[in-house]
Amino acid sequence: MRKPFMAGNWKMHESIPEAVVLTQQISNRYKGSWDAVDIVLCPPSIDLRAVWSVLDFDKSSISVGAQNVHWENEGAFTGELSIPMIKDAGMKFSIVGHSERRSMFAETDEMVNRKVRALLAGGLSPIVCVGESLAIRDAGTSMEYVCAQVEAAFAGLDSSQIPSCIIAYEPIWAIGTGRTATPEQAEEICKGIRARVQHLFGDDAAEQIRILYGGSMKPANVEGLIAMPDIDGGLIGGASLKADDFASLVEACI
Ligand code: 13P
């Protein structure tokens with residue numbers, strides 16, 4: 001059985017004081033049963049250490065992740081954060097290849113692959129985002145498009161590294177739009193991703209890798225999505241900014 005995985009992607013929301021309050025609110029809702037779920041908060045980089053400190057003070061099992069990293073350990077890369085830096089700050093995860101970074105910041109499959117390999121080499125887990133646009137969905141080629149993104153992200157990896165990776169299937173047409181994929185639509189692609197992982201890396205890797213759904217996930221639709229056999233959790237945007245909603249989403253996995 002795969003342990004459910006729920007991650008909040010705060011995107012460019014929450015100043016440091018706001019991030020501290022939100023983290024405290026989430027931490028205050030913690031119950032022992034939450035240990036059955038891997039929970040990760042991914043705030044903006046300026047908040048990472050403050051969020052980590054709140055959770056460390058509370059001796060919480062909730063982890064912190066970055067929203068992006070550079071693959072080089074150091075150098076002249078203005079505006080970037082390195083993996084050793086986020087690791088020193090207590091991070092265990094980083095989101096990689098979010099569709100907003102692919103579309104607005106020209107992140108390519110090759111860059112995603114470099115980040116995935118560098119994170120694994122540094123002992124951190126990548127949360128690799130994949131997902132098709134509405135045009136691709138309408139053209140009927142979603143499965144091939146998304147599986148090609150997975151294959152590119154994992155190029156050069158060894159099958160033993162796959163269980164440390166998380167894939168988030170986030171159809172672009174469902175992000176921030178209030179339009180969620182139906183559980184059946186999400187399951188179809190997540191199942192296809194798992195089949196591609198099996199084809200590339202074997203049974204154990206496919207059985208162990210956690211595949212998340214992301215895109216307007218909220219308390220009203222989480223149950224149906226989470227009930228699907230190949231959906232192991234969620235990458236949550238808007239609803240992760242409300243402690244009550246995020247707590248409900250975590251509890252739906254238990
Ligand atoms: P929303 O939950 O706000 O649709 O965002 C999803 C997302 O992009 C998470 O990475």
Quick check: closest heavy atoms across Ala252 and Glu223, and the distance to 0.1 Å?
CB-OE2, 4.0 Å
What are the two closest heavy atoms between Gln67 and Pro43, and how far apart are they?
NE2-C, 3.2 Å
Distance-only side-chain donor-acceptor flag, Ser27 / Asp58, under 3.5 Å
yes
Other residues, nucleotides, ligands: >12 heavy atoms within 6.0 Å of Leu134 CG
yes
Least distance between heavy atoms, Ile254 atom then Val37 atom
CG1-CG2, 3.7 Å
Can a donor-acceptor pair be found, under 3.5 Å and without considering hydrogens, that links the side chain of Asn28 to the backbone of Gln24?
yes
Can you name the nearest heavy-atom pair linking Gly233 to Ile226, along with the distance?
CA-CD1, 3.6 Å
So which of Thr23, Val21, Leu241 actually passes side chain to side chain contact (heavy atoms under 4.5 Å, CB included) with Glu14?
Leu241
May I ask you to say whether Arg49 pairs ionically with Asp56, meaning some side-chain N is under 4.0 Å from a carboxylate O?
no
Of Asp47, Asn9, Leu22, Ile26, the residue whose pairing with Leu41 passes side chain to side chain contact (heavy atoms under 4.5 Å, CB included)
Ile26
Got a donor-acceptor contact below 3.5 angstrom from the Ser94 side chain to the Pro126 backbone?
no
Is Ile172 linked to Ile189 within one hydrophobic cluster, defined over Ile, Leu, Val, Met, Phe, Trp and Tyr using a side-chain heavy-atom separation of less than 4.5 Å?
no
N/O donor-acceptor pairs under 3.5 Å from side chains in residues 201-219, not counting sequence neighbours:
residue	atom	partner	partner atom	Å
Asp203	OD1	Gln198	NE2	2.7
Glu207	OE2	Arg2	NH1	3.4
Arg210	NH1	Lys3	O	2.8
Arg210	NH1	Asp38	OD2	3.0
Arg210	NH2	Asp38	OD2	3.2
Tyr213	OH	Ala181	N	3.0
Tyr213	OH	Gly215	O	2.8
Ser216	OG	Ala174	O	2.8
Ser216	OG	Gly178	N	2.9

Counting only N and O atoms by type, is there a donor-acceptor contact under 3.5 Å from the side chain of Thr141 to the main-chain atoms of Glu144?
no
Please check if Phe93 and Leu249 belong to a single hydrophobic cluster, counting links between Ile, Leu, Val, Met, Phe, Trp and Tyr side chain heavy atoms closer than 4.5 Å.
no
Below 4.0 angstrom, N of the basic side chain to O of the carboxylate: do Glu184 and Lys191 qualify?
no
Side-chain heavy atoms nearer than 4.5 Å, only ILVMFWY residues, links allowed to pass through others: does that put Phe5 and Leu235 together?
yes
Using only atom types and a distance under 3.5 Å, with no angle test, would you say the side chain of Glu80 pairs donor to acceptor with the backbone of Phe77?
no
Is it true that Glu18 and Ser15 share a donor-acceptor pair across their side chains at a distance under 3.5 Å?
yes
Okay, side chain of Glu187, backbone of Asp230: is any donor-acceptor separation there less than 3.5 Å?
yes
With a 3.5 Å distance limit and no angle check, can you tell me whether Ser60 reaches the backbone of Leu55 through a side-chain donor-acceptor pair?
no
Identify the two heavy atoms, one from Gly97 and one from Arg102, that lie closest to each other, and give their separation to 0.1 Å.
O-NE, 2.8 Å
Determine, using the 4.5 Å side-chain heavy-atom cutoff (strictly less than), whether Leu81 and Val112 are members of one ILVMFWY cluster.
yes
Check Arg137 with Glu132, please: is the shortest side-chain N to carboxylate O separation under 4.0 Å?
yes
Between Lys115 and Val69 (side chain of the first, backbone of the second, donor and acceptor by atom type, cut-off under 3.5 Å), is there such a pair?
yes
